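A quick note: this is a predicted structure, and the numbers were derived from the prediction, not measured. We number each residue from 1, following the sequence as shown.
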Amino acid sequence: MPGISRPRGTDDLLPERLAAIEHAVTVGMALAAEYGYRRLETPIFESTDLFVRGVGDTTDVVNREMYTFADRGGRSLTLRPEGTASTVRAFWESELRQESLPVRLSYAGPMFRYDRPGRGRYRQFHQFGVEVLGEDEPELDAEVIAVAWRWLRQLGVRGTSLQLNSIGDAECRPRYRQALLDYFEPHLAQMDQLDQERLRRNPLRILDSKELDSASLLDAAPKTTDFLCDDCRSAFERVLTALEAYGIEYQLNPLLVRGLDYYARTTFEVWHEDLKGAQNSLFGGGRYDGLSQLLGYPACPGVGFAAGLERVVLLSPPLQAQPKPKVWVIAAQPMAAKVVIETAELLRRGGRRVVADPGRRSLKAKMRSAERAGADLVALVGEDELARGIVAVRRLCDGTQVESALDGIESTLASLLTVSQ
Ligand code: HAM
C-alpha cells in the first residue's frame with residue numbers, strides 16, 4: 001500500500017492486542033497493589049545524562065540504542081529506554097523521599113530502544129515494572145520476583161523459568177572482573193572486535209555476548225558466584241530462602257549479568273521456552289543499590305523488575321473476545337438521521353453499547369455491518385416509522401421484529417434481549 005508507513009520497529013496496537021496489553025497492566029497493577037505498590041508515571045523523555053550515568057555508558061542500551069535529540073533549547077534529551085533510573089530520579093525530586101522506607105512503586109508505559117526489530121523486539125515497546133526504594137533487605141528481592149511470578153501465573157503464561165544470579169558488589173566484583181580478564185586474555189586475538197572492546201571497557205559485558213567465538217568460551221569462564229564476598233553470599237542465601245517461602249522455583253545461572261550497569265548482587269530474568277536466548281527474556285530485574293549515587297543523589301538501595309508487555313501478551317492465552325456493541329440504530333432514509341442520533345443517545349444514557357448509523361449507505365449495507373459486528377438488535381427508522389413516531393426493533397438471531405414508541409424503546413429492547421439469552 002503506497003503512503004507513509006510507520007517507523008521501522010514500531011507497531012500499531014490494534015484493538016485486540018491493546019485490550020490484551022491493558023488487561024495485563026490492570027492485572028499487574030492490582031496484584032502489585034496487594035503487595036503495597038503504588039503506580040507512578042514519569043516523563044517519556046528525560047535528560048540524556050540520566051541514562052548515560054544510570055544505565056551506564058558501556059552498555060548497548062546507551063551506546064547503540066538510545067533515541068537522543070536536542071530540543072529547541074539545545075538540551076540533550078532521550079526517549080526513555082527503561083523506567084528504573086527515572087523512578088529513582090522521581091523519588092528524589094518529590095515528596096516520596098520523605099515517606100517511610102521502603103517506598104514501593106509500579107509503572108507501565110512505552111519505552112524506546114534502537115534495537116534490531118524481530119519477534120517480540122521493537123523500537124517502541126511497553127513495560128510493566130515495580131521498584132522498591134530505600135531498603136536493602138534481600139527478602140525484598142524475592143518479593144519483587146514473587147509479584148512478577150504471580151502476575152505471569154494470573155495471566156496464564158506457562159513454560160517460564162526463573163534465572164537467578166548474584167553479581168556481587170563493589171567489594172567483590174573487581175576480583176571477578178579481573179578473573180574474567182585473565183580468562184579471556186589468551187583468546188583475545190580470535191575474538192570479535194566488539195567483544196574485545198567490551199572486555200576493555202566493562203569485562204562483565206562479555207557474558208552477554210552473542211558472538212560465537214566468545215559464546216563458546218563462556219561455559220568454562222569464571223562464575224560470579226565463586227567470587228562473592230561473605231556479605232553478598234549471605235544476602236544471596238537469604239534471597240533463595242525467601243523464594244522458597246514464596247514457593248517459587250529458580251534456576252541458578254552464574255552467567256546472568258544483565259545488560260544494564262546499575263546492578264549489584266541479585267540479578268534475574270524470566271525466560272520462556274518459546275523465546276530463544278537471554279535477549280528474549282520476558283522480564284528482567286535485580287538489585288541496584290549504587291544507582292542513586294550514580295545519578296548524583298544520596299545512597300538509596302533499590303530492587304525491581306520490568307517486563308516486556310508485548311512479549312508477555314504474545315505468550316498469554318487469548319483474552320475472551322471484547323464485548324461487541326449490542327444495538328445498532330440505523331436510518332433507512334437520510335431524513336431519519338436526527339431521530340437515529342436521538343434514539344442512540346437515549347439508549348446510551350440507559351447504559352447500552354450503541355452504534356449509530358445515520359449515514360447515506362443503503363439499508364442492506366448497514367444491516368450487513370450490524371451483523372458482522374455481532375449486534376444483537378437493530379433499531380430501524382425509515383420514512384414510515386418517522387411518520388408514525390415509532391422505531392422498528394429487529395432481533396438479528398431470529399429476525400423477530402416489533403414496533404416500539406420511542407419512549408418505550410428501552411423496555412422493548414430489554415424484553416427482546418431477555419428472550420434471546
Ligand atoms: P531490561 O532487561 O532491559 O531491564 O528490560 C526488561 C524487559 O523489557 C525485557 O525482559 C523485555 O521483555 C523487554 N524489552 C527490552 N527491550 C525490548 C525490545 N526492544 N522490544 C520488546 N521488549 C523489550 C530493564 O529495563 C530494567 N529497567 C528492569 C529493572 C527494573 N531492573 C530493576 N528494576
Side-chain angles (χ1 to χ4, degrees), residues 32 35-37 53-56 59 61 82-89 91-92 101-107 127 129-149 162-174 176-177 202 204-205 207-208 223-225 227-246 248 250-270 278 281 283-295 297-307:
Y35 288 75
Y37 292 75
R53 286 163 67 175
V55 175
T59 59
V61 168
E82 60 104 46
T84 309
S86 309
T87 306
V88 172
R89 178 200 52 65
F91 169 82
W92 283 112
L101 300 176
V103 170
R104 291 175 167 84
L105 299 165
S106 55
Y107 54 88
Q127 283 187 344
V130 308
E131 314 287 351
V132 189
L133 301 177
E135 210 174 81
D136 64 1
E137 301 297 338
E139 287 72 22
L140 291 173
D141 308 19
E143 178 183 291
V144 297
I145 293 174
V147 172
W149 199 250
L162 171 64
Q163 306 285 312
L164 190 66
N165 192 24
S166 171
I167 60 168
D169 63 7
E171 194 197 320
C172 49
R173 198 145 2 115
Y176 177 61
R177 194 176 288 135
N202 184 350
L204 263 67
R205 286 275 79 77
L207 301 186
D208 288 333
K223 309 285 184 276
T224 52
T225 34
F227 291 81
L228 296 181
C229 60
D230 289 346
D231 285 351
C232 286
R233 185 174 306 286
S234 74
F236 196 41
E237 276 158 16
R238 280 172 61 188
V239 175
L240 303 186
T241 308
L243 281 176
E244 277 151 32
Y246 281 111
I248 296 174
Y250 51 83
Q251 227 170 303
L252 293 179
N253 180 345
L255 294 178
L256 188 78
V257 291
R258 310 249 315 118
L260 317 172
D261 271 359
Y262 49 58
Y263 292 110
R265 295 195 169 166
T266 313
T267 55
F268 55 87
E269 286 186 354
V270 166
S281 60
F283 69 72
R287 179 159 281 288
Y288 46 85
D289 293 347
L291 172 59
S292 182
Q293 282 164 301
L294 285 176
L295 300 178
Y297 295 112
C300 176
V303 63
F305 80 83

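Taking Asp169 as the reference, Glu171, Cys172, Cys229, Cys232, Arg265 meet the side chain to side chain contact (heavy atoms under 4.5 Å, CB included) condition, with sequence neighbours excluded. In this structure, Arg233 has no salt bridge (charged side-chain N to carboxylate O under 4.0 Å, His left out) partners at least two apart in sequence or on a different chain. For the side chain to side chain contact (heavy atoms under 4.5 Å, CB included) test, residues two or more places apart in sequence or in another chain that qualify with Gln251 are Ser161, Gln163. Scanning for ring-ring contact (aromatic ring centres under 6.0 Å, His included) contacts around Tyr246 gives an empty result, with sequence neighbours left out. Listed by chain and number, the residues in a side chain to side chain contact (heavy atoms under 4.5 Å, CB included) with Pro102 are Arg104, Val132, Glu135, Leu140 (sequence neighbours excluded).
What you find for Tyr288 and Gly304 is that their closest heavy atoms are CE2-N, 3.7 Å. Considering all non-hydrogen atoms of both residues, Ser292 and Trp92 come closest at OG-NE1, 2.8 Å. The two atoms that bring Ala32 and Val130 nearest to each other are CB-CG1, 4.2 Å, heavy atoms only. The two residues Phe268 and Leu162 have their closest heavy-atom pair at CB-CD1, 4.1 Å. Closest heavy-atom contact between Thr224 and Pro254: OG1-O, 3.4 Å. Heavy-atom minimum distance, Gly302 versus Asp289: N-OD1, 3.2 Å.
Using a 3.5 Å distance cut-off with no hydrogens or angles, the side chains of Tyr262 and Thr84 do pair a donor with an acceptor.
Distance check: Tyr176 OH to Lys223 NZ gives 7.5 Å after rounding to the nearest 0.5 Å. With values rounded to the nearest 0.5 angstrom, Leu256 atom CG is found 5.5 Å from Asn165 atom CG. The CZ atom of Arg287 lies 13.0 Å from the CZ atom of Phe236; values are rounded to the nearest 0.5 Å. Atoms CZ and OG, on Phe305 and Ser106 in that order, are 9.0 Å from each other to the nearest 0.5 Å. Interatomic distance, CG of Leu204 versus CG of Leu255, reported as 10.5 Å (0.5 Å rounding). Expressed to the nearest 0.5 Å, how far CG of Leu164 lies from OG1 of Thr267 amounts to 7.0 Å.
Using a 4.5 Å cut-off on side-chain heavy atoms (C-beta onward), Leu252 and Leu240 make contact. A 4.5 Å side-chain heavy-atom check between Val270 and Tyr250 finds every atom pair outside the cut-off. With contacts defined as side-chain heavy-atom distances shorter than 4.5 Å, the pair Val61/Glu82 does not qualify. Within the 4.5 Å cutoff, no side-chain heavy atoms of Phe283 are placed close to those of Gln127.
Sorted by first then second residue, the salt bridge (charged side-chain N to carboxylate O under 4.0 Å, His left out) pairs that include residues 253-263, not counting sequence neighbours, are Arg205-Asp261, Arg258-Glu269.
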TODO: For the pair Leu243 and Ile145, evaluate side-chain contact (heavy atoms from CB on, under 4.5 Å) and give the outcome as yes or no after the intermediate values.
DONE: CA-CA 8 Å; Leu243 281 176; Ile145 293 174; 3.8 Å; yes
